[in-house]
Amino acid sequence: LVPMSILLPLVANLNLPPLAQTVYAMYVVLWCFFGYYFSPFHLCHLLSIQYMGCDAKPVYRLHLRMMPLLCIAGVALFVGYYLILL
């Protein structure tokens, strides 16, 4: 929530049409989610690793495979929405 609370007011203050602000706001929310989800402090990961009694290294190794695909999908969504809506 902290990155969103910093970045969304910056997007709102840009002199952009409302639809463009929506696309940029979606991009900010998406990247803030990625930052939170892949964080080693994400409580779901910490509690799952503790409950299952496994090591954190294999879990984050699987996340490293997924992260580039999600980042590429996020950029593709941004470009697609920007080209379609604006």
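Position 1 is the first residue of the sequence; numbering continues from there.
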_Note, Met67 side chain near Tyr37 side chain (heavy atom, < 4.5 Å)_ = no
_Measuring from atom CG of Leu8 to atom CG of Asn13, what distance do you get when rounded to the nearest 0.5 angstrom?_
11.0 Å
*Path from Phe33 to Leu10 over hydrophobic side-chain contacts below 4.5 Å*: yes
*Rounded to the nearest 0.5 Å, how far does CD1 of Ile84 lie from CG of Leu19?*
11.0 Å
*Would you say the side chain of Val75 lies within less than 4.5 Å of the side chain of Cys71, judging by non-hydrogen atoms?*
no
*ring-ring contact (aromatic ring centres under 6.0 Å, His included) between His45 and Phe38: does it pass, once the steps are laid out?*
CA-CA 9 Å; His45 294 286; Phe38 292 114; 7.8 Å; no
*If you take all heavy atoms of Leu14 and Gln21, which pair is closest and at what distance?*
O-NE2, 3.1 Å
*Mind checking whether Ile6 and Val29 sit in one hydrophobic cluster, side chains of I, L, V, M, F, W, Y counted as touching below 4.5 Å?*
no
*Should we count CZ of Phe78 as having more than 12 external heavy atoms under 6.0 Å?*
yes
*Ser39 side chain vs Gly35 backbone, donor-acceptor pair below 3.5 Å*: no
*Are Phe34 and Leu64 linked, directly or through other ILVMFWY residues, by side chains that come within less than 4.5 angstrom of each other?*
yes
*Do Leu47 and Met52 share a hydrophobic cluster, counting only Ile, Leu, Val, Met, Phe, Trp and Tyr and linking them when any side-chain heavy atoms are less than 4.5 Å apart?*
no
_Ignoring hydrogens, what is the shortest heavy-atom contact between Val2 and Ser5? Give both atom names and the distance._
O-OG, 2.8 Å
*Closest approach of Gly74 and Tyr27, non-hydrogen atoms and distance?*
O-CE1, 3.9 Å
*In terms of hydrophobic clusters joined by side-chain contacts under 4.5 Å, are Tyr36 and Met4 together?*
no
*Would you mind listing the cluster partners of Val59? Hydrophobic ones only (ILVMFWY), side-chain contacts under 4.5 Å, chaining allowed.*
Ile49, Tyr60
*asked:* Nearest 0.5 Å, please: how far is NE2 in His63 from CG in Leu70?
replied: 10.5 Å
